[in-house]
Amino acid sequence: MEILPQSAFALLRKQLSQWYRCARRPLPWRLVPGVYATVVSEIMAQQTRIATMLPYYENWMRRFPDFEALAAADEAEVLRHWEGLGYYSRARNLHRLSKAYVALAEKPRTSQEWESLPGIGPYTAAAIASIAFGHPSAVVDGNVVRVLARLMGEEREFASNGEAVKFFRPPADELLDRENPGAHNQAMMELGALLCLPKKPRCAECPVAAFCKSAGKPEAEALPRIVRRVVEKMEVNRVLHLENGAILLHRIAADAKRLAGQYELPEPKLLGLQPREKPLAVRTRSITHHRIVERIYRHDGPFPVKWTKQPGLALVPLEKLESLTLSGPHRRWLGEILGRTRQN
DNA sequence: AAATCGGGGCG
DNA sequence: CGCCCAGATTT
């Protein structure tokens, strides 16, 4: 896998590491590093922008400062701290991981050892082993795929993100700075996050532009070429019903595939209602390849069918909302809608 | 190999 | 509305 002439590798690594030392963001897991901080930050960052997960990270570390604290916590409280971040299996797996970790006499160190723990795949295992233990395992995430595709001028079309990750693993391994793998891996990702942007890359500021086949060219923006899934649109109606300082909520079944055990505003069909003309509020959210428009209708009663017969429906006093895990952005919605309703 | 997870922010 | 983010797991 010929990326560059051998003589160029050492200089590229040096340019990259010098840039990284100055340009790296002062992220909390860099300021207060450690094995636990690395694990939590890497799992929270999966498929999630750093800016999005940052407040969750701070809150999480206050409540669960180490593996022991997390292992001792209830799953309900763990999920409550993940509420709104999405991909909730990450939180369950991190909880399981902590319980397994504290029970281990020999703690995992290598990438291979970490990958046997729940929620740890190839990327996260390599990240933990390199950053927290200095082991020479190269990471390949979305940033690294983009940086390498442009560096190498790789124009082939990949059928999926996974295929691209597989393709760029050998060159990532070859390029890895084995003397300083943690900083090198983070530098590659930081380059993708700060300069080698998906659109309008800032090649003029790039420390490795001299080695890059796409630097300064308009073609850079088109790399990597990955076939993306079509976005599916969905529409959902929901009912807001308030009664004596309580709100009607639907608890999603514990064995449901998605959002198990979480609370949401009930859909009209659960209550035998038809959505009326004018929604109280309209909210849009998205997850992976879904884009969901949700219309929230106010209903003061009465109900055509006795809803108390429906499983999972319950009137929850507003002051008890704090301890429940609400689905996705529901807590934010309720804050907005109830705040407005109160004024009316 | 492909689908799923039903989150969010940006241009 | 399209794109993509420090991906992993299930099918």
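In the text below, chain A, chain B and the rest are named by the order of the sequence lines, each starting its count at 1.
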Closest to the 5' end of DNA chain C, once A/Q47 and A/K233 are matched to their nearest nucleotides, is A/K233

Classify A/I252 by what it touches in the nucleic acid, base, sugar-phosphate, or nothing, heavy-atom distance under 4.0 Å. nothing

Across the strands shown, which category fits A/T124 at heavy-atom distances under 4.0 angstrom: base, sugar-phosphate, nothing? sugar-phosphate

Heavy atoms only, 4.0 Å cut-off, all strands: where does A/W82 land among base, sugar-phosphate and nothing? nothing

If the C1' atom of B/dC5 is compared with that of C/dC5, how far apart are they to the nearest Å? 15 Å

Looking only at the aromatic ring of each residue, does the gap between the centers of A/Y56 and A/H81 stay below 6.0 angstrom? no

Can you tell me how far C1' of B/dG6 sits from CD of A/Q262, to the nearest Å? 11 Å

Distance check needed: B/dG7 P versus A/E83 CD, whole Å only. 11 Å

Could you work out the separation of C/dA8 and B/dG9 based on their P atoms and round it to a whole Å? 23 Å

Would you indicate what A/R49 reaches in the nucleic acid, counting non-hydrogen atoms under 4.0 angstrom: base, sugar-phosphate, or nothing? base

How far does the C1' atom of C/dA6 sit from the matching atom of B/dG11, given to the nearest Å? 22 Å

Going hydrophobic residue to hydrophobic residue with side-chain gaps under 4.5 angstrom, can you get from A/W114 over to A/Y36? yes

Between CD1 of A/I292 and P of B/dG9 the distance, given in whole Å, is 15 Å

Are there over 12 heavy-atom neighbours, none belonging to A/R202, within less than 6.0 Å of that residue's CZ? no

Touch check for A/T288, heavy atoms < 4.0 angstrom, all strands: base, sugar-phosphate only, or nothing? base

5' to 3' contact window, DNA chain C with chain A (heavy-atom distance under 4.0 Å): C/dC1 to C/dT9

Taking atom types as modelled, find out whether A/E294 and A/T284 have a side-chain donor-acceptor pair closer than 3.5 angstrom. no

Residue whose nearest DNA chain C nucleotide is more 5′ - A/A125 or A/R291: A/R291

For A/F211 together with A/F9, are the ring centres under 6.0 Å from each other? no

One thing to verify: whether A/E42 and A/R90 come together as a salt bridge, which I'm taking to mean a side-chain N less than 4.0 angstrom from a carboxylate O. no

Look at all strands and tell whether A/G192 reaches a base, only sugar-phosphate, or nothing, counting heavy atoms closer than 4.0 Å. nothing

Nearest-Å distance once atom P is located in both C/dT9 and B/dG8: 23 Å

Does A/E68 CD have over 12 foreign heavy atoms under 6.0 Å away? yes

Comparing A/K200 and A/R285 on DNA chain B - which has the more 5′ nearest nucleotide: A/R285

Nucleotide B/dG7, atom P - distance to CD of A/E264 in whole Å: 11 Å

Can you check the A/L259 CG to B/dG7 C1' distance for me, whole Å? 11 Å

Does any donor atom in the side chain of A/E243 or A/H241 lie under 3.5 Å from an acceptor atom in the other side chain? yes

Using a 4.0 Å heavy-atom cut-off across all strands, classify A/M44 as base, sugar-phosphate, or nothing. nothing

Can you check the A/H290 NE2 to B/dG8 P distance for me, whole Å? 15 Å

Would you say the side chain of A/S286 and the base of B/dG8 hold a donor-acceptor pair, judged only by whether the two atoms sit under 3.5 Å apart? yes

Give A/R92 one of three labels, base, sugar-phosphate or nothing, depending on what nucleic acid heavy atoms sit under 4.0 Å from its own. nothing

Heavy-atom nearest nucleotide on DNA chain B for A/R258 versus A/A159: which residue maps closer to 5'? A/A159

A/I50 CD1 to B/dG8 P, straight-line distance once rounded to whole Å: 16 Å

Which part of the nucleic acid, if any, lies within contact of A/R331, taking any heavy atom under 4.0 Å across all strands shown: a base, the sugar-phosphate backbone alone, or nothing? nothing

Determine whether the side chains of A/H330 and A/E264 contain a donor N or O and an acceptor N or O closer than 3.5 Å. no

Within this structure, what is the CZ-to-C1' distance between A/R283 and B/dG8, rounded to whole angstrom? 15 Å

